[in-house]
Amino acid sequence: ILYKDAKRWVIEQTERLVDAVGEWSKRECGESITYLPSTNIRKEAEARKRQRDRSVTVGPIGVWSCVEAGGSYRLVPAAGAPKLRYVQTRCKHLYTYLDHPDYGFMSIRMQTWFPYRIQIAVNGREWLARQLEKAGIGFARVGNKIHEVEDFSAMQPLLDKQLRTDWCSMLDSFVPIAFPTIRSALDNDLLRYSWNVWQSEWASDILFKNRSDLDEIIDAVVRHAFIGGHPERLLRYFDRPTRNDGLVRTNSRRPLKTTVTDFDEGYRVRHWLESNSVKLYNEGNVLRLETTINDPYAFRGYRRKQGAPSDAAKQLLPLRKGVADNILRAHLSQDVNNRFADHLATMKSGTPLREILENVTSRKRKRGRSVRALEPTGKDLALLSAIADPRFTVGGFQNKHLRLALADDARYRGKTDKQRSGMTTRSLRLLRDHGVIRRLPKSKRYQLTANGRRLVTALLAALAASTEELTKIAA
């Protein structure tokens, strides 16, 4: 393609793509592409409405178009030959919605400009509903939540089966729908899409017999999810740029990443660590814990190096975006859900606070040296409050996280960053010696132990309670 013809050629490819998808929409959905004038219009809501209006149970629902932000390339003059330069732009995107016979309600987003990115959104609970129908297992659902199942023991293997999917073949099967002109546009039968996970959500559902049982405890669960974790002092530093002295930059406009929402159906608590999060919310008789991963490189798991033989030893390596790591991603996400659930499980404990404190408020010896006792209600209170922050459930915490959380502590004020780092290192060593935290393998991250979780939960609950409440409990 000559440089002078390049612009005309790429415009022609976009027009052919849109026309081909429009013909498919008329043939399969009985309607041409519907244009949406604003990115604020929820495409899923439009698709759901059309599905209800036309009583679509299985099959295509419709195609919508919208001009949205995207990444493309621009030809720029250069010595010898023009070069491609990546640019942020706005272009037409096509959204195809269908209720698939195997995967349920899903969508395909197609960027009509080069490099023709495709995003496919599949919901695991929609997929599970199709599996249950085919297996003849009775269930009740509202939206993407399954509220009742006839046979739970038969349901879990169906969910496990989803992870063993040949993801590349599955996703490739949707390319002809989204990009029917791929062969003529690229003129190469060997080119294939490389599939990555843009965002994953891994949910663990706890089903109660009825909604009233969940309503009785949800207030306490939400309060417990936050206990010690979100005083204003911590929220101030959460995910905000700071100066070298640990104080927040006054020109920072980045929003906080922690939310509490009270909506018609229930509550939602969400904790962010950078771009990854874990949340808790209730709807009907379902209490859901859900981990969202946007940045997989923040997690590490045991896998083989890329290109290594199948008999090579696995190593602790960062999680990758590619679908090859989907099973590892699922296990790591479930670990986050489990840690969050363990944190909530400490809401009820019959162990007296005195017994919990005895383990850490006495001097002990470790590796031949004396270790001072913790002072949970004294100088170590700020430290224990910091490590109790639920956002650290996602991926643990590091020295730098505690330095920011403790920046307002009197002992840290006026210190250099190097001095604060040394003080925090000694505090981490102290907590490890008392069994409050443990270091994650081959990393500089730490997590609360089971004993540490009981300690901070009991301590902060006691400090938050009134004298009257404590007297009633003691009686």
Side-chain angles (χ1 to χ4, degrees), residues 14 17-18 20-71 90-113 115-131 133 141-146 162 165 167-182 193-203 290 292-294 321 323 326 329:
T14 295
L17 167 59
V18 174
V21 174
E23 291 175 5
W24 179 90
S25 180
K26 289 180 180 178
R27 183 176 66 253
E28 300 294 335
C29 308
E31 188 169 339
S32 59
I33 298 173
T34 302
Y35 173 70
L36 298 176
S38 171
T39 57
N40 294 325
I41 300 174
R42 296 191 68 243
K43 291 84 176 175
E44 181 177 339
E46 295 292 314
R48 292 284 190 184
K49 182 178 183 300
R50 182 177 294 182
Q51 184 179 26
R52 289 192 301 269
D53 293 344
R54 300 189 177 183
S55 301
V56 178
T57 55
V58 178
I61 299 171
V63 182
W64 286 260
S65 71
C66 188
V67 176
E68 297 177 337
R90 293 178 63 81
C91 64
K92 178 179 287 189
H93 288 74
L94 302 178
Y95 286 81
T96 302
Y97 282 87
L98 58 153
D99 206 320
H100 197 273
D102 293 327
Y103 311 116
F105 186 87
M106 59 174 293
S107 67
I108 308 170
R109 179 181 188 260
M110 180 72 201
Q111 178 177 306
T112 61
W113 285 16
Y116 309 113
R117 286 194 175 91
I118 297 177
Q119 289 182 354
I120 300 175
V122 179
N123 186 290
R125 294 303 188 269
E126 292 278 349
W127 190 348
L128 175 62
R130 291 295 191 210
Q131 291 175 302
E133 289 173 355
R141 62 177 285 194
V142 176
N144 72 338
K145 295 174 185 63
I146 294 177
Q162 294 181 8
T165 298
W167 294 100
C168 289
S169 297
M170 168 198 167
L171 298 170
D172 282 342
S173 68
F174 294 109
V175 173
I177 298 176
F179 195 2
T181 58
I182 183 172
Y193 274 90
S194 175
W195 297 105
N196 296 322
V197 180
W198 175 67
Q199 180 188 79
S200 65
E201 296 178 346
W202 184 264
E290 185 173 291
T292 301
I293 296 181
N294 293 295
K321 282 183 173 288
V323 294
N326 274 4
R329 178 187 289 257

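Atoms CD and OG, from Glu23 and Ser32 in turn, are 11.5 Å apart once rounded to the nearest 0.5 Å. Note that the CD atom of Gln111 and the CD atom of Gln119 stand 9.0 Å from one another [nearest 0.5 Å]. Taking CD1 from Ile41 and CH2 from Trp64, the interatomic distance works out to 12.0 Å, rounded to the nearest 0.5 Å. To the nearest 0.5 angstrom, Ile108 atom CD1 is 9.5 Å from Leu171 atom CG. Atom CH2 of residue Trp198 and atom CD1 of residue Ile293 lie 14.0 Å apart, to the nearest 0.5 angstrom. The distance from atom SG of Cys29 to atom CG of Leu98, rounded to the nearest 0.5 Å, is 8.5 Å.
Under the 3.5 Å distance criterion, the side-chain polar atoms of Gln51 are matched with a main-chain donor or acceptor of Val56. Between the side chain of Thr112 and the main chain of Lys92, a donor-acceptor pair closer than 3.5 Å is present. Checking side-chain atoms of Thr96 against main-chain N and O of Val63 turns up no donor-acceptor pair under 3.5 Å. Side-chain atoms of Arg117 come within 3.5 Å of backbone atoms of Gly71 as a donor-acceptor pair (strictly under, hydrogens ignored).
With contacts defined as side-chain heavy-atom distances shorter than 4.5 Å, the pair Tyr97/Lys43 qualifies. Here the side chains of Leu17 and Met110 are in contact, with some heavy-atom distance below 4.5 Å. Here the side chains of Val323 and Asn196 are not in contact, with every heavy-atom distance at 4.5 Å or above. With a 4.5 Å cut-off on side-chain heavy atoms, Asp172 and Trp195 count as touching.
Taking both residues in full, the closest heavy atoms of Ala178 and Val21 are given as O-CG2, 3.8 Å, listed atom of the first, atom of the second, then distance. In plain terms, the two heavy atoms of Asn294 and Lys321 that are nearest each other are O-NZ, 3.7 Å. Nearest heavy-atom pair across Ile33 and Val18 is CD1-O, 3.7 Å. Taking all atoms of both residues into account, the shortest heavy-atom contact from Phe105 to Asp99 is N-OD1, 3.5 Å.
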**Message:** Determine whether Met106 and Phe174 satisfy the following criterion, side-chain contact (heavy atoms from CB on, under 4.5 Å), listing intermediate values before the conclusion.
**Reply:** CA-CA 11 Å; Met106 59 174 293; Phe174 294 109; 3.6 Å; yes

**Request:** Decide side-chain contact (heavy atoms from CB on, under 4.5 Å) for Thr165 and Met170; before the verdict, give the C-alpha distance in whole Å, the side-chain angles of both, and the deciding distance to 0.1 Å.
**Result:** CA-CA 8 Å; Thr165 298; Met170 168 198 167; 3.9 Å; yes

**Residues Val197, Arg329; criterion side-chain contact (heavy atoms from CB on, under 4.5 Å); working and verdict** = CA-CA 10 Å; Val197 180; Arg329 178 187 289 257; 3.7 Å; yes

**Request:** List the steps and the verdict of side-chain hydrogen bond (donor to acceptor under 3.5 Å, both in side chains) for Glu126 and Asn144.
**Result:** CA-CA 6 Å; Glu126 292 278 349; Asn144 72 338; over 6 Å; no

**Item:** Audit row: Cys66, Thr39, side-chain contact (heavy atoms from CB on, under 4.5 Å) steps and yes/no
**Value:** CA-CA 7 Å; Cys66 188; Thr39 57; 3.9 Å; yes

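In this structure, Tyr193 and Phe179 have perpendicular ring planes: the angle between them is above 60°, well past the 30° mark.
A salt bridge between Glu44 and Arg48 is present, with a side-chain N of the basic residue lying under 4.0 Å from a carboxylate O of the acidic one. At a threshold of 4.0 Å, the pair Glu133-Arg130 counts as salt-bridged, since one of the basic side-chain nitrogens sits closer than that to a carboxylate oxygen.
If you check the side chains of Thr34 and Arg50, you find a donor sitting under 3.5 Å from an acceptor. For the residue pair Gln162/Tyr103, the side-chain donor-acceptor check at 3.5 Å is not satisfied.
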